[in-house]
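A quick write-up on the structure given underneath.
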Amino acid sequence: RFWELYLFSLYNAWQFSSLVSIIDKIDENSWGSELYVLNIQTLLYHEMHTHALELCNKAIERFPEHILFYSLKFNCLTELNLSLSDFVDSLGVRLFSICNDSLQFLVFLHDKGFHSLVEQVIVKWYVDNPFENSRAVSQACLNFSDFQHHSTDSRNPFVPSSSLQGVIC
């Protein structure tokens with residue numbers, strides 16, 4: 001659709017005020033996931049974290065399978081210095097499909113010390129299909145070992161489990 005292309009062009013050209021003024025004229029019930037993403041990212045850019053968090057909650061309600069909205073919500077909660085534990089505890093391992101958005105979200109979770117969930121997701125991917133998922137599992141493990149190696153935060157180091165779902169880690 002032309003209007004979606006126009007909105008993405010405004011976003012990519014950093015014409016955020018024009019973008020927001022147009023989005024505000026569109027009935028929110030007709031928004032697709034892409035329009036939520038554009039609006040939330042624009043709000044985050046302008047440090048309007050509370051409004052972005054509200055939109056994240058609405059987007060998660062409408063599109064519960066889109067991991068990007070959970071990642072954006074995590075970002076909002078972090079920026080607002082709100083508790084992350086309850087939110088992370090509400091996430092199911094099954095939410096994480098193998099995609100770039102999941103890998104990026106896992107990096108954020110790892111950075112904030114939620115190693116157990118990260119480890120469970122990676123092991124689940126491996127157990128589900130070791131051959132087909134080997135690239136994503138390897139990428140995730142390399143991301144975290146590299147991150148841990150360069151991290152100066154020694155408060156909450158990652159210590160692998162000795163066994164998880166019958167898999168020796």
Side-chain angles (χ1 to χ4, degrees), residues 1-126 128-129 133 135-137 139-141 143-144 147 156 158:
R1 296 187 267 189
F2 173 76
W3 64 270
E4 288 176 336
L5 179 62
Y6 180 66
L7 293 175
F8 279 104
S9 296
L10 288 173
Y11 179 81
N12 289 328
W14 291 51
Q15 299 296 314
F16 297 132
S17 59
S18 298
L19 176 65
V20 170
S21 70
I22 293 172
I23 290 175
D24 286 343
K25 294 175 186 172
I26 301 171
D27 179 26
E28 191 174 328
N29 292 324
S30 67
W31 289 10
S33 60
E34 300 86 9
L35 199 51
Y36 272 102
V37 170
L38 284 176
N39 205 355
I40 292 166
Q41 289 180 331
T42 300
L43 292 168
L44 289 173
Y45 177 80
H46 288 288
E47 298 183 3
M48 300 173 70
H49 302 107
T50 303
H51 189 197
L53 180 59
E54 292 169 8
L55 284 181
C56 286
N57 289 330
K58 289 178 182 181
I60 288 169
E61 189 175 307
R62 286 194 58 199
F63 307 100
E65 70 284 354
H66 287 251
I67 190 97
L68 181 57
F69 295 121
Y70 296 89
S71 182
L72 291 168
K73 181 175 180 175
F74 186 83
N75 185 6
C76 291
L77 293 170
T78 301
E79 292 296 326
L80 292 167
N81 292 317
L82 297 174
S83 174
L84 299 171
S85 297
D86 291 337
F87 173 65
V88 173
D89 289 345
S90 74
L91 300 175
V93 174
R94 298 211 179 278
L95 174 67
F96 294 85
S97 61
I98 295 178
C99 65
N100 286 334
D101 290 336
S102 289
L103 286 169
Q104 184 68 37
F105 190 22
L106 289 174
V107 169
F108 294 149
L109 290 167
H110 187 275
D111 181 40
K112 295 298 180 187
F114 294 99
H115 304 135
S116 177
L117 177 60
V118 171
E119 186 178 38
Q120 289 173 36
V121 169
I122 294 170
V123 169
K124 181 191 176 310
W125 288 348
Y126 180 78
D128 285 351
N129 194 331
N133 297 343
R135 176 172 279 179
V137 169
Q139 182 63 51
C141 292
N143 285 350
F144 303 124
F147 179 83
N156 197 5
F158 171 63

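Note that the numbering runs from 1 along the sequence shown for the chain.
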Does any non-hydrogen side-chain atom of L35 lie less than 4.5 Å from one of E28?
no

Rounded to the nearest 0.5 Å, what's the gap from NE2 on H49 to CG on L43? Could you check?
9.5 Å

At what distance, to the nearest 0.5 angstrom, does CD1 of I60 lie from CG of L95?
8.5 Å

Side chains of Q120 and S116 only: does a donor on one sit below 3.5 Å from an acceptor on the other?
yes

Decide if atom CD of E61 counts as having more than 12 heavy atoms of other residues, nucleotides or ligands within a radius under 6.0 Å.
no

Take L91 and F105, measure what side chain to side chain contact (heavy atoms under 4.5 Å, CB included) needs, and give me the verdict at the end.
CA-CA 12 Å; L91 300 175; F105 190 22; 3.8 Å; yes

Check: residues 69-89 side-chain donor-acceptor pairs under 3.5 Å, at least two apart:
unit_1 : atom_1 : unit_2 : atom_2 : d
Y70    : OH     : P64    : O      : 2.8
K73    : NZ     : N57    : OD1    : 2.8
T78    : OG1    : F74    : O      : 2.8

Ignoring hydrogens, what is the shortest heavy-atom contact between C99 and I67? Give both atom names and the distance.
SG-CG2, 4.1 Å

Can you measure from CZ (R135) to CD1 (I98) and round to the nearest 0.5 angstrom?
11.5 Å

Is a donor on one side and an acceptor on the other found under 3.5 Å between the side chain of W125 and the backbone of F96?
yes

Rounded to the nearest 0.5 Å, what's the gap from CD on E54 to CD1 on I40? Could you check?
11.0 Å

Got H110 and L106 here, is their nearest side-chain heavy-atom distance under 4.5 Å?
no

Would you give the length of the straight line joining atom CG of L53 to atom CE of M48, rounded to the nearest 0.5 angstrom?
13.0 Å

Hey, what do you get for OG1 (T42) to NE2 (H51), rounding to the nearest 0.5 Å?
11.0 Å

From the list V37, L38, L55, side chain to side chain contact (heavy atoms under 4.5 Å, CB included) partner of W31 resolves to L55

When every non-hydrogen atom of G32 is compared with those of F63, the smallest separation belongs to C-CZ, 3.8 Å

